[in-house]
Amino acid sequence: MLLLVSRGAVVPFSLGTFFKHLPRPKPSPIFPHTITPKTLTTTATATIHCSSHFEALDSRQKHQIHLYVDTLLEWNQRMNLTAVREAGEVMERHIEDSLAVIPPITDSYLSHCGASCGNLSVVDVGSGAGLPGLVLAIACPEWKVTLMESMNKRCVFLEHAVNHVGLSNVEIVRGRAENLGQDVCFREKYDVAVARAVAEMRILAEYCLPLVRLGGLFVAAKGHDPQMEVRNAEKAIQILGASISQLCPVKSHSPYGQRTAIVCLKTSPTPKKYPRDPGTPVKVPL
């Protein structure tokens with residue numbers, strides 16, 4: 001389902017209006033883990049085991065991933081979804097990176113938030129092409145995943161991809177995080193908020209933490225050495241009602257061979273003034 005948030009109201013969003021403006025296409029669970037240790041000095045440290053293998057998925061999930069990758073590359077010929085052009089590179093750089101976020105989520109949730117990771121409500125903020133949210137929905141079909149995206153055309157792609165892949169556990173919401181975080185339909189409603197390649201941590205925290213329930217998690221997928229960025233964001237994260245729980249190194253096909261999942265635990269309600277008006281978090285970060 002695709003929803004449009006307009007002036008505080010949630011209304012169904014018609015795809016036909018946007019399809020007719022698009023150019024015609026050219027023809028055309030838990031994973032086995034490997035330890036990746038790293039010394040972190042700025043905050044609580046965790047060595048998280050992570051998967052480097054798509055092969056751990058069952059046959060249906062593998063087929064769904066391939067359908068998604070094919071659809072992504074087809075649509076990428078007519079709109080800017082990813083700089084990656086080859087299926088193998090999409091699998092290495094996007095799919096594996098997205099799957100690698102799952103162990104930090106499940107391990108941290110079990111440690112700090114609840115006795116079970118079943119039926120989690122997860123929001124992917126600034127989902128873009130559906131990374132990591134759509135991949136999480138395939139790998140964890142018991143989770144309810146919301147893909148939040150502000151751009152119309154990307155929402156049209158996400159709706160098509162979700163239907164083509166055959167997912168029933170995904171909702172797509174079009175709107176800006178600054179507005180949605182002040183909407184009672186979304187504010188502090190999710191067990192986990194995730195984001196990948198959206199913004200620096202000070203800005204990202206203001207986008208994501210207002211959406212997370214008290215006692216839930218905010219997980220940001222970052223680069224191999226985010227310690228300075230994390231240090232700069234500590235005050236903002238605290239203002240927004242959370243604390244940095246763990247920095248989890250995960251294997252990656254990036255040039256450095258490693259990325260970091262930054263896990264924040266929400267310990268108090270986000271003050272009502274946050275998130276601020278659209279554009280303000282970027283112009284004046286906390």
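Quick caveat, the model's predicted, so the values are computed rather than measured. When reading the values below, keep in mind they use all heavy atoms of this one structure, side chains included, and skip hydrogens, waters and symmetry mates.
- No donor-acceptor pair under 3.5 Å is formed between the side chain of Ser121 and the backbone N or O of Lys144.
- Pairs passing the ring-ring contact (aromatic ring centres under 6.0 Å, His included) check and including a residue from residues 80-110, sequence neighbours excluded, do not occur.
- Residues Arg259 and Arg196 share a closest heavy-atom pair of NH2-CG, 4.4 Å.
- Residue Lys235 places its NZ atom among 12 or fewer non-hydrogen atoms of other residues, nucleotides or ligands, all under 6.0 Å distant.
- Taking the side chain as every heavy atom from C-beta outward, Gln246 and Ser108 approach each other to under 4.5 Å.
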Exercise answer: donor-acceptor pairs, residues 123-135 side-chain atoms, under 3.5 Å, sequence neighbours excluded:
| from | atom 1 | to | atom 2 | distance (Å) |
| --- | --- | --- | --- | --- |
| Asp124 | OD2 | Ser127 | OG | 2.8 |
| Asp124 | OD2 | Gly133 | N | 2.9 |

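- The closest donor-acceptor contact from the side chain of Glu142 to the backbone of Gly118 lies at 3.5 Å or more, if one exists at all.
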Side-chain donor-acceptor distances from residues 267-274 under 3.5 Å, at least two apart:
| from | atom 1 | to | atom 2 | distance (Å) |
| --- | --- | --- | --- | --- |
| Thr267 | OG1 | Gly241 | O | 3.4 |
| Thr270 | OG1 | Leu240 | O | 2.8 |
| Thr270 | OG1 | Lys266 | NZ | 2.8 |

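- Surrounding CD of Gln238 are at most 12 heavy atoms belonging to other residues, nucleotides or ligands under 6.0 Å away.
- The residues Glu55 and Lys62 are annotated as salt-bridged, a charged nitrogen and a carboxylate oxygen being separated by less than 4.0 angstrom.
- No donor-acceptor pair under 3.5 Å is formed between the side chain of Ser245 and the backbone N or O of Cys264.
- Considering only heavy atoms from C-beta on, Ile172 stays 4.5 Å or farther from Glu149 through its side chain.
- Side-chain N or O atoms of Glu92 include none that pairs as donor or acceptor with a backbone N or O of Glu89 at under 3.5 Å.
- The salt bridge (charged side-chain N to carboxylate O under 4.0 Å, His left out) test applied to Glu86 returns no partner, not counting sequence neighbours.
- Between Pro278 and Arg176 the shortest heavy-atom distance is CB-NE, 3.4 Å.
- With sequence neighbours excluded, no residue forms a ring pair (Phe, Tyr, Trp, His ring centres under 6.0 Å) with Tyr68.
- Gln64 contributes atom CD, which lies 8.0 Å from atom CG of Asp58 (distance to the nearest 0.5 angstrom).
- Between Leu265 and Cys113, the closest heavy-atom pair is CD1-SG, 3.9 Å.
- Of all heavy-atom pairs spanning Asn80 and Arg154, the tightest one is O-NH2, 3.6 Å.
- Looking only at distances, no side-chain donor or acceptor of Glu206 sits under 3.5 Å from a matching main-chain atom of Pro275.
- Across all their heavy atoms, Cys117 and Leu110 have their closest contact at SG-CG, 3.6 Å.
- A donor-acceptor pair under 3.5 Å links the side-chain atoms of Arg187 to the main chain of Gly181, judged by distance alone.
- Between Thr82 and Arg85, the shortest heavy-atom contact is O-NH1, 3.7 Å.
- Judged as a ring pair (Phe, Tyr, Trp, His ring centres under 6.0 Å), and not counting sequence neighbours, the contacts of His66 are Phe54.
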